[in-house]
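Here's the structure we're looking at; comments come further down.
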Amino acid sequence: MPAKNPFRWLGAWADWFEARGVYVPGEDTRPVNPWRDFGWLVVAWLAGLATFVLFFALAV
């Protein structure tokens with residue numbers, strides 16, 4: 001059974017975004033794809049939002 005480590009989950013999730021493609025210099029003619037170009041930023045933002053919500057949920 002895999003360990004339930006949230007940091008491992010975040011790493012795996014970010015790796016999933018990165019596996020879908022990363023920015024390659026010289027590909028400036030293609031349109032911006034947020035999932036491909038900003039995957040790490042999306043993962044960090046969602047993790048921060050989840051932490052914020054969890055903090056206030058437990059603060060009751």
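These numbers come from the heavy atoms of this one structure, side chains and all, not from hydrogens, waters or symmetry mates.
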TODO: Would you please name every residue forming a side chain to side chain contact (heavy atoms under 4.5 Å, CB included) with Leu41, sequence neighbours left out?
DONE: Phe38

Open item on the list: Please say yes or no: joined through hydrophobic side-chain contacts below 4.5 Å, possibly via intermediate residues, are Val43 and Leu49 part of one cluster?
Closed with: yes

TODO: For Phe55, enumerate each residue passing the ring pair (Phe, Tyr, Trp, His ring centres under 6.0 Å) test, keeping only those at least two apart in sequence or located in another chain.
DONE: none

Open item on the list: Which residues end up grouped with Trp40 if you chain together Ile, Leu, Val, Met, Phe, Trp and Tyr wherever their side-chain heavy atoms are less than 4.5 Å apart?
Closed with: none

